[in-house]
**Student:** 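I'd like to ask some things about the structure below.
Each ligand, and each atom within it, is numbered from 1 in the order the structure gives. Quick note: numbers below take in every heavy atom, side chains included, and nothing from hydrogens, waters or symmetry partners.
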Amino acid sequence: MKNRPNLASGRDYLAIPGPSVMPERVLREMHRAAPNIYEGELVDMVPGLLDGLRSVARTRHHVAIYIGNGHAGWEASLANVLSRGDRVLVLHTGRFSVGWSEMAERLGAEVEMLSFGTRGPVDTARLAEVLAADTGHAYKAVLTVQVDTSTSVRNDIAAIRRTLDAAGHPALLMVDSIACLCCDVMEMDAWGVDVVVTGSQKGLMTPPGLAFVFFNDRADAARDHADCVTHYWDWRPRVSPRLFPNYFDGTAPTHHLYGLRAALGMIAEEGIEAIWARHEALARAVWAAVETWGQGGPLELNIPDPAHRSHAVTTILAGETRGAELRATVERMTGLTLGLGIGMGEPTDRASDAYFRIGHMGHVNAHMIMGALGAIEIGLRGAGIPFAPGGLDAAAGVLAEAAGG
Ligand SMILES: *Cc1c(COP(=O)(O)O)cnc(C)c1O
């Protein structure tokens with residue numbers, strides 16, 4: 001019998017929700033000899049990078065850079081505002097709120113978790129009740145994840161701010177935007193967010209290894225009496241360094257900075273609002289395909305209401321263990337790697353095997369998304385998972401309309 005062709009051979013496509021696809025321009029910028037870390041181009045370019053970062057978070061406030069992943073950003077943000085014994089309110093909408101809360105706990109905070117399930121956003125009416133009950137203003141901070149990458153829910157950060165304001169509650173509003181900065185809209189200053197945490201490897205299209213903590217003056221005032229802060233995590237020297245090495249408390253992350261410069265250059269050229277619109281159109285195409293397929297089989301979007309879905313990542317329920325099976329089949333048959341289930345952070349959690357995720361963040365466009373959806377359809381056939389036809393047609397229709405014919 002003739003051997004079957006290996007259709008996975010060729011360029012790999014990693015469509016997981018981070019690390020995201022890295023542009024050649026970013027990779028090329030990093031391919032260079034070690035630069036001087038005391039003077040010259042590297043030293044000169046850092047203020048421009050900080051401006052670029054501020055412009056994508058839409059803030060005129062401070063940004064500290066840490067050599068680390070998103071978890072480092074989590075710890076850095078908490079260490080600068082909390083003291084041992086402080087009470088913290090965490091709004092749970094998926095796995096990542098749990099991860100951040102565990103970090104606060106280990107730092108010595110008293111964490112209270114308010115759960116909103118795994119298929120929708122924070123309910124601000126319930127939040128208002130909890131804030132109203134805190135008459136002594138014991139909560140020092142409210143922690144929320146803008147897009148929880150496990151559930152793909154997108155929380156309405158502006159509405160959460162309004163809820164805090166309406167309650168007259170002074171807690172800091174701290175937001176994890178690691179999954180979605182540069183994909184979903186973030187208006188740090190206009191929305192009144194006190195702290196935003198993000199990382200380099202998702203919407204910012206740069207390899208994992210840099211964490212960014214944006215903070216305003218209210219958050220910085222909390223730093224005055226935060227007893228969790230240690231030398232390394234202290235954000236103050238990083239935003240007003242006496243000497244260049246203070247930016248990073250040691251050697252600069254040289255090559256990451258070059259990569260970041262290229263990424264921020266690309267972002268500035270396209271324009272952040274155009275980037276948000278591109279992500280929205282690509283996300284809608286994914287939703288249209290899945291909704292169509294689901295009319296004849298088990299596939300279902302985890303977040304039923306489109307208004308609460310992220311534009312950076314989509315979580316798809318696939319019935320019992322079929323999420324893992326589909327992922328493996330797609331990878332074997334086509335060379336596309338999809339995101340696995342990582343738990344949604346609830347005791348009643350659905351099995352991680354029962355769903356999969358598509359990352360559509362950063363350096364992605366219409367033909368990549370159509371390719372990914374086509375690969376999923378091949379995998380559905382290969383795994384014998386039933387689906388209604390027409391998913392690719394539906395996605396193409398969305399993209400054709402968005403691109404303007
Ligand atoms: C990816 C991610 C993290 C964790 O980032 P690491 O770089 O893996 O530490 C945290 N929160 C959200 C919402 C994420 O998407």
**Student:** Could you list which atoms of ligand 1 come closer than 4.0 Å to a heavy atom of T149?
**Tutor:** 12 (C), 13 (C), 14 (C), 15 (O)
**Student:** Are side-chain heavy atoms of Y355 and I316 found at a separation under 4.5 Å?
**Tutor:**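 When only atoms from C-beta onward are counted, I316 and Y355 do not touch, as no gap falls below 4.5 Å.
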**Student:** If you look at every heavy atom in T163 and L131, which pair is closest and at what distance?
**Tutor:** O-CD1, 4.0 Å
**Student:** Going by salt bridge (charged side-chain N to carboxylate O under 4.0 Å, His left out), D184 matches just one of K202, R309, R154, R278. Which one?
**Tutor:** R154
**Student:** Near N69, which atoms of ligand 1 are under 4.0 Å from a heavy atom of that residue?
**Tutor:** 6 (P), 7 (O), 9 (O)
**Student:** Shortest non-hydrogen contact from R322 to I385?
**Tutor:** CZ-CG1, 3.6 Å
**Student:** Got the closest protein heavy atom to atom 11 (N) of ligand 1, with its distance?
**Tutor:**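 In this structure, atom 11 (N) of ligand 1 has D176 OD2, 2.7 Å as its nearest protein heavy atom.
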**Student:** Output the list of atoms in ligand 1 that are nearer than 4.0 Å to some heavy atom of Q201, sorted by atom number.
**Tutor:** 6 (P), 7 (O)
**Student:** Nearest protein heavy atom to atom 3 (C) of ligand 1, by residue and atom, and its distance?
**Tutor:**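 Sorting protein heavy atoms by distance from atom 3 (C) of ligand 1 puts F96 CE2, 3.5 Å first.
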**Student:** Could you tell me if the ring centre of Y66 sits under 6.0 Å from that of W235?
**Tutor:**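 Judged by ring-centre distance (under 6.0 Å), Y66 and W235 do not meet the cut-off.
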**Student:** D148 near ligand 1, heavy-atom distance under 4.0 Å?
**Tutor:** no
**Student:** Is ligand 1 less than 4.0 angstrom away from at least one heavy atom of W100?
**Tutor:**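 W100 does not count as a contact of ligand 1 under the 4.0 Å cut-off.
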**Student:** Tell me whether the centres of the aromatic rings in W276 and H279 are closer together than 6.0 Å.
**Tutor:**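 Not close enough - the centres of the two rings lie 6.0 Å or further apart.
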**Student:** Under 4.0 Å between a Lys/Arg side-chain N and an Asp/Glu carboxylate O for R161 and E187?
**Tutor:**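 No, no charged N to carboxylate O under 4.0 Å.
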**Student:** Among H71, M361, K202, which one puts a heavy atom closest to atom 8 (O) of ligand 1?
**Tutor:** H71
**Student:** What I want to find out is whether R119 reaches D305 closely enough, with some N-O distance under 4.0 Å, to be called a salt bridge.
**Tutor:** no
**Student:** Out of all atoms in ligand 1, which are within 4.0 Å of some heavy atom of V145? Include the element for each.
**Tutor:** 13 (C)
**Student:** Pull out every atom of ligand 1 sitting under 4.0 Å from any heavy atom of G70, numbered as shown with elements.
**Tutor:**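 Here the atoms of ligand 1 in question are 5 (O), 6 (P), 7 (O), 9 (O).
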**Student:** Looking at ligand 1, is there an atom of it that comes within less than 4.0 Å of some heavy atom belonging to Q146?
**Tutor:** no
**Student:** Quick check on V147 - does any of its heavy atoms sit under 4.0 Å from an atom of ligand 1?
**Tutor:**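 It does; at least one heavy atom falls under 4.0 Å.
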